[in-house]
Structures are given as C-alpha cells and as structure tokens.
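Before any comments, here is the structure.
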Amino acid sequence: MAVDIPQFTLNTGYKIPSVGIGCWMGSPGGGEIAEQMCKTALQVGYRHIDTAYGYGNEEFVGKAIRESGVPREEIFLTTKLPNHHHHKVKQSFEESLSKLGVDYVDLYLMHWPQAFTEDNKPIPHDQSPTFVETWKDMEALLDTGKVRSIGVSNFSIKLLEVLLRETDVVPATNQVECHPCLPSVDLKLWCEQRGILITAYSPLGRPGEFDGKPVFLDDPDVTSIAKKYNASPAQVALSWGVKRGTIVIPKSQNPDRIKQNITLLDLTDEDMAALNEIHLKPGMHRSLLRYHEYSGDGTIFGWTYDQLGWNMTKGGIVCSLD
Ligand code: A2P
C-alpha cells in the first residue's frame with residue numbers, strides 16, 4: 001500500500017509525489033543494485049523514481065518498474081537529457097524511452113544547461129546548441145504525447161530569465177542541489193513566483209562525499225530535532241525539504257533507509273526556523289558535491305560560475321547569504 005506522502009501539482013496540472021527515489025548510484029551504472037533499490041522503493045510505497053540517461057541504469061529502472069507489479073500509471077517517472085545529446089534531443093529521448101521500456105515519461109529534464117560534443121567536450125556557453133535551442137527541441141516533444149511535463153536541472157535565476165524570455169513553455173521544475181547547507185532561498189522564491197517547483201537533489205547532502213567538510217546531518221540542531229521525534233537526522237532534512245515545498249529525491253540502496261526516507265515528520269514552525277538557519281553557521285553555506293573539484297580551474301563542466309549564474313566561488317562555497 002502506498003505510504004501517505006504529500007503530492008505537489010506541477011504547472012502542467014500533473015501531480016508529483018513529494019518524495020522520490022534518486023537513481024544516481026555514485027558513478028554511472030549500478031545496474032542490478034539500482035534495480036533492486038527501485039523494487040524495494042516501490043514495495044514500500046514510493047511512487048516517484050528519478051533517473052537520467054547519464055546515470056547509465058535506465059534499463060534496470062525500467063525492469064524494476066515492470067517487475068514490481070505496480071501499474072505504470074501509478075508511478076511518476078523522470079529521466080534526463082545528457083549534455084552530449086543536446087544536438088539530438090528527439091533521438092536521445094526515444095533512446096531513453098526504449099531503454100526504460102515505457103511508452104511515456106512523466107517528466108523529462110535538461111540535465112545541465114551546458115551542451116557537450118558527442119565525444120563529451122564542453123561547448124562554450126555562447127555557442128550552439130545553446131540551452132535555449134535545446135529547450136525548443138524539448139518543447140516539441142510535448143506534441144508527441146510521450147512526455148507529460150518538461151523541466152530543467154542545475155539552472156540559476158540568470159539562465160531561467162533568458163529561458164523564459166526566449167521560449168514558450170515554462171519549465172515544470174528546476175532540479176537543483178538543495179539541502180539545509182544550500183537552501184537556495186532566492187532561487188526557490190523566484191521559481192515559485194513563476195510556477196516552477198524546485199526538486200531537491202542530494203537532499204541529504206550526499207553524506208560521505210567529502211571527508212572533514214561540514215555535514216548538516218551531524219549538526220546539533222538537526223540531531224536534537226531528530227532525537228525529539230525519535231527519528232533520524234535524514235528524516236529531519238527530508239521533512240524540512242517537503243514542508244518548505246520542495247520535492248526531495250534521496251538515494252538509498254539500503255532497505256531500512258529507503259523506508260525511513262519516506263517516513264516524514266510533522267515538524268513545528270520552531271523546528272523549521274532552526275533548520276532554515278543551518279546554512280548561516282560558519283562554513284556551512286555551500287555545495288556538498290564533488291563536481292566543483294573536477295576541473296581544478298573552478299569551472300563546472302566547462303562553464304564558469306558566472307556563466308552558470310551560480311553565486312559561488314571555487315569549491316562550491318556560496319559568496320553571499322541568500
Ligand atoms: P545508502 O545508499 O547506503 O543508504 P543524497 O541523496 O543526498 O545524494 O545522498 C545519498 C547518500 O546518502 C547515499 O550514500 C546513501 O547511502 C546515504 N543515505 C541515504 N539515506 C540515508 C539515511 N536515511 N541516513 C543516512 N544516510 C543515508
């Protein structure tokens with residue numbers, strides 16, 4: 001039986017469960033583990049699965065859905081266009097559908113605004129295909145009836161302003177890293193005012209990603225709230241995310257944690273106020289993901305923070321409070 005978790009409504013009118021299982025397994029692939037993870041999630045009541053072409057496990061996610069016994073139409077399924085396919089949106093989308101083995105997806109996202117060449121080299125931000133061109137091709141997918149809503153991921157206000165000015169369809173969601181260390185208050189408000197829901201990826205801050213860097217799951221305010229409810233710090237973070245109106249998609253391949261992550265707490269206003277301030281503590285306002293360190297030159301997949309419109313310095317440290 002499905003667990004009672006809130007559903008939000010996208011600007012297309014479709015409902016989306018506010019908690020989903022994230023299928024990034026830490027590196028591309030994860031095959032059978034991802035399949036088992038999705039099966040367990042569906043068994044314990046998840047009805048929202050978030051994957052991506054780039055996660056390299058769409059076949060296994062599709063297999064889990066088919067073998068779960070849960071009717072396809074009860075499951076909200078998201079996948080994403082990879083950077084190196086911006087120049088062939090329709091083809092890439094069809095490939096994802098075929099790998100998933102489904103007739104339609106509920107949500108199709110542009111994974112990143114950056115386009116890459118087919119052999120994975122970043123294309124400069126002002127060269128074709130621009131994210132505006134890519135989005136126009138994604139808009140055309142809506143006419144096929146094989147995708148119910150389209151959205152973006154990793155977009156800043158700066159890029160969304162361009163997108164909304166130059167295209168017709170307002171994204172249904174903007175999926176970004178979001179957790180108590182990176183609440184993105186300005187972006188969330190801006191998106192809400194335009195009917196764009198925030199989906200929080202890495203809502204647990206991907207514990208274990210960095211050694212010795214601040215992890216909000218160990219923050220005393222988070223742990224004391226958890227103790228009060230006899231729950232885990234992860235449940236506190238996820239309940240905060242949903243209560244503030246964001247969709248959360250934690251990844252867990254551990255059956256107990258999978259269950260825990262869809263058991264939300266009824267946080268008080270006082271709890272919410274304390275959690276809203278975690279990022280204001282010294283050293284806490286930052287991304288907790290490792291891709292900030294990949295290039296060594298402060299770019300993210302070929303673009304500078306300024307080109308991305310991310311208010312951060314090298315390493316993913318937020319420049320000013322928001
Ligand atoms: P595991 O799969 O072993 O449960 P995020 O979704 O923020 O990127 O975080 C994913 C990471 O968080 C995974 O390493 C996952 O490990 C871990 N994780 C998932 N759920 C919990 C939980 N309830 N408590 C602690 N860690 C968790």
Side-chain angles (χ1 to χ4, degrees), residues 3 5 17-46 48-52 54-57 60-61 64 78 80 109 111-112 153-154 173 175-184 198-219 222-227 229-242 244 246-265 267 275 278-279 284 286-294 316:
V3 174
I5 49 165
S18 56
V19 181
I21 187 94
C23 295
W24 172 243
M25 306 305 285
S27 55
E32 277 91 15
I33 299 175
E35 181 185 327
Q36 190 50 52
M37 176 181 85
C38 290
K39 281 184 180 161
T40 306
L42 290 168
Q43 258 165 25
V44 303
Y46 285 68
H48 173 180
I49 299 179
D50 181 278
T51 189
Y55 297 171
N57 52 31
F60 291 90
V61 170
T78 302
K80 313 186 189 84
L109 302 181
H111 206 151
W112 287 88
S153 184
N154 297 300
T173 179
Q175 184 178 126
V176 294
E177 181 189 351
C178 199
H179 45 65
C181 281
L182 198 62
S184 293
I198 292 285
T199 301
Y201 75 74
S202 286
L204 302 174
R206 207 169 289 172
E209 178 100 337
F210 282 111
D211 291 336
K213 298 257 171 72
V215 176
F216 58 81
L217 295 181
D218 302 324
D219 178 90
V222 177
T223 53
S224 75
I225 294 170
K227 203 164 166 207
Y229 292 95
N230 197 20
S232 71
Q235 285 172 282
V236 172
L238 297 172
S239 304
W240 166 82
V242 171
R244 71 197 287 260
T246 62
I247 299 152
V248 296
I249 47 167
K251 173 263 170 187
S252 179
Q253 63 197 57
N254 171 292
D256 290 335
R257 290 194 283 273
I258 292 174
K259 274 193 218 148
Q260 199 190 99
N261 292 347
I262 41 159
T263 309
L264 300 178
L265 314 171
L267 299 176
L275 295 164
I278 301 285
H279 68 293
M284 290 294 264
R286 53 167 301 143
S287 164
L288 294 170
L289 301 183
R290 205 177 272 277
Y291 53 62
H292 295 274
E293 296 182 346
Y294 287 164

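When a ligand or atom number is given, it counts from 1 through the structure's own listing order. Being a predicted model, the structure only gives us computed values, none of them experimental.
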Query raised in the report: What residues come within 4.0 Å of ligand 1, counting heavy atoms only?
Result: Ser202, Pro203, Leu204, Gly205, Arg206, Pro207, Ala234, Pro250, Lys251, Ser252, Gln253, Asn254, Arg257, Gln260, Asn261
Query raised in the report: Within a strict 4.5 Å, meaning less than it, do heavy atoms of the Leu182 and Leu288 side chains meet?
Result: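 No, every pair of side-chain atoms sits at 4.5 Å or beyond.
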Requested in this report: Measure the shortest side-chain to side-chain distance between Met25 and Phe60 over non-hydrogen atoms and say whether it is less than 4.5 angstrom.
Outcome: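 Answer no - side chains too far apart.
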Report task. Look at the rings of Tyr291 and Trp112 and say which category their plane angle falls in: under 30° parallel, 30 to 60° tilted, over 60° perpendicular. Result ->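 It falls in the perpendicular class, over 60°.
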Query - Pair listing, salt bridge (charged side-chain N to carboxylate O under 4.0 Å, His left out) test, anchored in residues 246-255, at least two apart - result: none
**Report entry** salt bridge (charged side-chain N to carboxylate O under 4.0 Å, His left out) partners of Lys80, counting only residues at least two apart
**Finding:** Asp50
Between side-chain atoms of residues 26-38 and protein atoms elsewhere (two or more places apart, or another chain), which donor-acceptor pairs fall under 3.5 Å?
from  : atom 1 : to    : atom 2 : distance (Å)
Glu35 : OE1    : Lys63 : NZ     : 3.4
Glu35 : OE2    : Lys39 : NZ     : 3.0
Glu35 : OE2    : Lys63 : NZ     : 3.1
Gln36 : NE2    : Thr40 : OG1    : 3.3

